[in-house]
Q: 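Okay, handing you the structure first.
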Amino acid sequence: MEPMHLEIAQETEYFLLSCLLGAALGVLYDFLRVLRNTVSHNKVAVFVEDFLYTLFFGVCFFIFATDLTRGIRAFVLVGMFSGCLVERIGLGNWCVRIISKVTRFVWRTLMLPVKCLFAKIFAVINKRIVKKHLNFIKKQKNAKNPLKV
């Protein structure tokens, strides 16, 4: 009867470790959420990020389950999802909201001078290109033998 208690104790320990791993993976997904809140993403970028995260989650599940429990066990997957859910409900949403506001402010503050610099550079380039294009059109209209298309 004693080995049965040891097995249940090990399963409980593995379940709690899988909850901890799920919470860690939840924190990783929170970083993705902060990144999305800070820098705008299109649907393709969100899909790629989510796909890579899901692959990483699956690899972590497979390695954790096969290394510790010597097989795929449902309680490990339940533990990982539970840890993710508790992290998301507990501190996840609150932390994402606050960190997103801070990083958005820092991002805008740091990027404003860079945006202004690039805007000036592109304005000069654009002005020169447009000016040459207008001169070309003027010369083409004034030419005695205009180019035929």
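Side chains included, hydrogens not; waters and symmetry mates left out as well; all remaining heavy atoms used. Residues: numbered from 1 along the sequence shown.
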Q: Answer with yes or no whether the hydrophobic clustering places F81 together with V78; edges join I, L, V, M, F, W, Y residues whose side-chain heavy atoms lie under 4.5 Å apart.
A: yes
Q: I would like to know whether F57 and L28 meet side chain to side chain contact (heavy atoms under 4.5 Å, CB included); could you show each step before the answer?
A: CA-CA 10 Å; F57 191 96; L28 178 67; over 6 Å; no
Q: So for atom CG, which belongs to L91, do other residues, nucleotides or ligands contribute more than 12 heavy atoms lying within a distance under 6.0 Å?
A: no
Q: Not counting sequence neighbours, which residues clear side-chain contact (heavy atoms from CB on, under 4.5 Å) with L110? List them please.
A: V106
Q: Donor-acceptor pairs under 3.5 Å, side chain of residues 12-23 to any protein atom, not counting sequence neighbours: which ones?
A:
unit_1	atom_1	unit_2	atom_2	d
T12	OG1	I8	O	2.8
S18	OG	Y14	O	3.3
S18	OG	F15	O	2.6

Q: Identify, with sequence neighbours excluded, every residue that meets ring pair (Phe, Tyr, Trp, His ring centres under 6.0 Å) alongside F64.
A: none
Q: Which residues pass the salt bridge (charged side-chain N to carboxylate O under 4.0 Å, His left out) test with R33, sequence neighbours left out?
A: D30
Q: Following the transitive rule for hydrophobic clusters with a side-chain heavy-atom cut-off under 4.5 Å over Ile, Leu, Val, Met, Phe, Trp and Tyr, establish whether V34 and V39 coincide in one cluster.
A: no
Q: Taking all heavy atoms of T109 and all of P113, pick out the closest pair and write down the distance.
A: O-CD, 3.3 Å
Q: With rounding to the nearest 0.5 Å, note down the distance linking OG in S82 to CZ in F75.
A: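 Nearest 0.5 Å value for the OG-CZ distance: 12.5 Å.
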Q: Test question: given the 4.5 Å side-chain rule for I, L, V, M, F, W and Y, name all other residues clustered with V124, or answer none.
A: none
Q: What is the minimum heavy-atom distance between H41 and L35, and which atoms define it?
A: CE1-O, 3.6 Å
Q: With sequence neighbours left out, write down each residue that passes side-chain contact (heavy atoms from CB on, under 4.5 Å) with V59, or none if nothing qualifies.
A: I63
Q: Using the rule that two of Ile, Leu, Val, Met, Phe, Trp, Tyr join whenever any of their side-chain heavy atoms come within less than 4.5 Å, decide whether I98 and I89 are in one cluster.
A: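 Shared cluster, no.
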Q: Who pairs with R36 by salt bridge (charged side-chain N to carboxylate O under 4.0 Å, His left out), at least two apart in sequence or on another chain?
A: E49, D50
Q: Which pairs with one or both residues in residues 96-107 pass salt bridge (Lys or Arg N to Asp or Glu O under 4.0 Å), sequence neighbours excluded?
A: none
Q: Run the ring pair (Phe, Tyr, Trp, His ring centres under 6.0 Å) test against Y53 and tell me which residues pass, sequence neighbours left out.
A: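 Counting only residues at least two positions away or on another chain, Y53 forms a ring pair (Phe, Tyr, Trp, His ring centres under 6.0 Å) with Y29.
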Q: In the hydrophobic clustering that connects Ile, Leu, Val, Met, Phe, Trp and Tyr at side-chain heavy-atom distances below 4.5 Å, which members other than V46 occupy its cluster, ordered by chain and number?
A: none
Q: Connecting only ILVMFWY residues whose side-chain heavy atoms lie within less than 4.5 Å of each other, what is the rest of V86's hydrophobic cluster?
A: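 Grouped by the 4.5 Å side-chain rule, V86 forms a cluster of one, so the answer is none.
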Q: Could you list the residues that satisfy side-chain contact (heavy atoms from CB on, under 4.5 Å) with F61, not counting sequence neighbours?
A: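 By the side-chain contact (heavy atoms from CB on, under 4.5 Å) rule, F61 matches A65, I72, V76, L77, M80.
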